[in-house]
Number of protein chains: 2
Amino acid sequence: MASAAGVSYQTVSRVINNHPSVKPSTRERVLAAIEELGFRRSATALALASGRARSVTVLTANTTHYGYAATLQGIEEAARASSYAVGIGVLETADEAAVRAEVQRAADAGGGLIVMAYDTAGVRALAAIPEELPVVGVVETPASPPGEHRPWVWTDDREAARAATRHLLSLGHETVHYVAIPSSTRRTGQRTAGWRDALREAGAAEPRPVAGSWDPASGYRAGQKLARDPSVTAILCGNDDLALGVIRALHEAGRAIPGEVSVAGFDDAPHSAYLTPSLTTVRLDFTGLGRAAFGLLYGLVEQAEPVAPHPVSVPELIVRESSGPPPR
Amino acid sequence: MASAAGVSYQTVSRVINNHPSVKPSTRERVLAAIEELGFRRSATALALASGRARSVTVLTANTTHYGYAATLQGIEEAARASSYAVGIGVLETADEAAVRAEVQRAADAGGGLIVMAYDTAGVRALAAIPEELPVVGVVETPASPPGEHRPWVWTDDREAARAATRHLLSLGHETVHYVAIPSSTRRTGQRTAGWRDALREAGAAEPRPVAGSWDPASGYRAGQKLARDPSVTAILCGNDDLALGVIRALHEAGRAIPGEVSVAGFDDAPHSAYLTPSLTTVRLDFTGLGRAAFGLLYGLVEQAEPVAPHPVSVPELIVRESSGPPPR
DNA sequence: CTGAAAGCGCTTACAG
DNA sequence: CTGAAAGCGCTTACAG
């Protein structure tokens, strides 16, 4: 106990929380003792006594896909800077009972919550969070506000998809096909909506979207399907991994990219610039998104500033080799 | 308080910890009350009172690269199955003071620790963990035991590198160049060592390894360098992302793969099978590694079973399109 | 089988 | 400016 080294007892507490009313000389004495003994205040005792657990736990369906992983990275960065601990809980299925159990576990940690609600599991988790817990959602769509004290962040996926689709149309393609990532709701996802917006604006035909998952294998299957249709000259994919799989399937089917078919992705994952052909995609600032999410949560928990309006990062179209004019 | 609903008080505690001496009828009454009130025991109070914090925090230099992310995923899976909370702390630099600070923060969480010691930051973190804390290391090399009660896990990277190098040599290449990931120590990394082993066994020339980082950009730079040397016909890369960058650089330099140069990677990341050319690589069971790491930690903390010997997963060579015979 | 007491390491008012 | 007291929600021996 640092009190032994110094003289007082919970004066140590005052020093640690740099309370104003402490005589400078005793403060120094205490600080010296803390330094010497390598004293660290117990985070769990603090949490129990004060009721606030300087921590955030992130609830997510996935930790390895680029978008999820990069957002998590941004949250961790910001949390570390504010000396918050960060925990993670994976939502392995979207099953209601399982989601509820994971939410409980996360709530048990006692701190704030950030929910990645890009998918059904995440959306359900967000809905299952008890009223009184501080939580911010990282969501796909700004459709229905989650509630009074429930801020959220998102990237403008719809506008991003519109920009990518316009790009492909501007190259001369008659229409653009779409391989979709799973939507977070029963309704159409934002990327799908933006793609459709652009098609309508241009008066282009609206092909049925091909449902995909998040990984290259799923893109590959979608690509095999699309490769059979000779009218397909442009494909937008819900993320870069899907695009990678689509490209592989087209290649195996003997379709040249971008000579015969153009392909574009989403996210600008680190490897996308180094593929052959390099991938046209839309860059999204996931780490910024994660940092923003933490910022809002911090405000909520510390009640320092009023909850800021949800920040929206601006997606950027990156044109590379995988998109070009259609064959004549 | 559930006691209100039932009749007792810390009998609730006994019921929760299913202590044997509780009359069946009262147990049922308590259980019913718990169910009805949705009572959950406070994890932080439990941690404070019992001294054991059913949690593990993972210290790692990175959360997004495939090997790290997949190992983390394995840890989380296993931890969730044992209802342990999992926290993460990122070692942003290998700077001694910064590493020490992160170790402190992780220790503050009060639970067990798993350190990903694939790099300098991780190795330093492992060394800086206070004696008394339960910790298991996920290490590159089984060289020097970390201590009595400090189990660790690893994959046999050396053997894996040897296998990949032998594969390339067996195709007829005179020698194999190597683009290295950073080593965890000042000494030669295990993958580098295995590559060298195979070269020596075959009596092949030993080119200087090219130092790389973990990402495709770094592989690209290494590839540009190697592309200038016309004698290079086979390149082993420290991971798949590096290989991806190398392939791009070779492609830009007009070198055919595998016609003129063969390339192989490490890890078998999810996209590697879908690249063009698809990537010859060594598959490593990272999620299994993560699960094993948690298993050891659990044994350490719960003192249930004696610390099991470190499990070693067996790497598997996956031959794909990027490797072939040298040009004649 | 089941209470009552003490303590985990802090914080938060309350006295001096 | 700085103690002494009570309490955060549990667990761990100790009594009955």
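A note on names: the letters A, B, ... follow the listed sequences, proteins ahead of strands, and every chain is numbered from 1. Everything numeric here is computed off the predicted structure, so don't read it as measured data.
- Comparing B:H19 and B:A49, the nucleotide of DNA chain C nearest to each residue sits closer to the 5' end for B:H19.
- Residue A:S13 places none of its side-chain N or O atoms closer than 4.0 Å to OP1 or OP2 of C:dC10.
- B:L48 has its CG atom 17 Å from the P atom of D:dG7, to the nearest Å.
- To the nearest angstrom, P of C:dC8 lies 21 Å from CZ of A:R40.
- In this structure, the CG atom of B:L46 is 15 Å from the P atom of C:dG9, given to the nearest Å.
- To the nearest 0.5 angstrom, A:R29 atom CZ is 12.5 Å from A:I34 atom CD1.
- If you find the closest nucleotide of DNA chain C to A:T44 and to B:S25, the one lying nearer the 5' end belongs to B:S25.
- Checking the phosphate oxygens (OP1, OP2) of C:dT2, a side-chain nitrogen or oxygen of B:T26 falls inside 4.0 Å.
- Residue A:V22 has its side chain nearest to D:dT2 when only D:dT2, D:dT11, C:dT11 are considered.
- Residue B:R41 has a polar side-chain atom (N or O) positioned under 4.0 Å from OP1 or OP2 of D:dT11.
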* To do: Fill in the dot-bracket string of DNA chain C, one character per base: . for unpaired, | for a pair to another strand, ( ) or [ ] for pairs within the strand, taking Watson-Crick or G-U pairs under 3.5 Å.
  => |||.||||||||.|||
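- In this structure, the nucleotide among C:dT11, D:dT11, D:dT12 sitting nearest to the side chain of B:N17 is D:dT11.
- For the pair A:I16 CD1 and C:dT12 P, the interatomic distance rounds to 12 Å; values are reported in whole Å.
- The distance between atom CD of A:E28 and atom P of D:dT2, rounded to the nearest whole Å, is 13 Å.
- Contact check, A:T11 against D:dG3: a side-chain N or O comes under 4.0 Å of OP1 or OP2.
- Counting to the nearest Å, the C1' atom of D:dT2 and the CZ atom of A:R29 are 11 Å from each other.
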* **Check against ring pair (Phe, Tyr, Trp, His ring centres under 6.0 Å), B:F294 and B:Y84** => CA-CA 10 Å; B:F294 178 78; B:Y84 264 52; 5.3 Å; yes
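- Between B:P134 and B:L297, the closest heavy-atom pair is O-CD1, 3.7 Å.
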* To do: Determine, step by step, whether A:Y118 and A:D157 satisfy the side-chain hydrogen bond (donor to acceptor under 3.5 Å, both in side chains) criterion, reporting the C-alpha distance in whole Å, the side-chain angles of both residues, the deciding distance to 0.1 Å, and the verdict.
  => CA-CA 11 Å; A:Y118 286 152; A:D157 277 19; over 6 Å; no
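- Salt bridge present: A:R54 and A:E302 bring a charged side-chain N and a carboxylate O closer than 4.0 Å.
- Closest to the B:S50 side chain, of the nucleotides D:dG9, C:dC10, D:dT11, is D:dT11.
- Within the 3.5 Å criterion, the main-chain N or O of B:Q190 finds a donor-acceptor partner in the side chain of B:E140.
- A:R52 has its CZ atom 22 Å from the P atom of C:dG9, to the nearest Å.
- In this structure, OG1 in A:T63 is found 5.0 Å from CD in B:Q73, a value given to the nearest 0.5 Å.
- Between the side chain of B:R14 and the base of C:dG3 there is at least one donor-acceptor pair of N/O atoms closer than 3.5 Å.
- Proximity note for B:K23 (side chain, C-beta onward) versus C:dC10, C:dT11, C:dC1: the nearest is C:dC1.
- Side-chain N or O atoms of A:R100 include none that pairs as donor or acceptor with a backbone N or O of A:A128 at under 3.5 Å.
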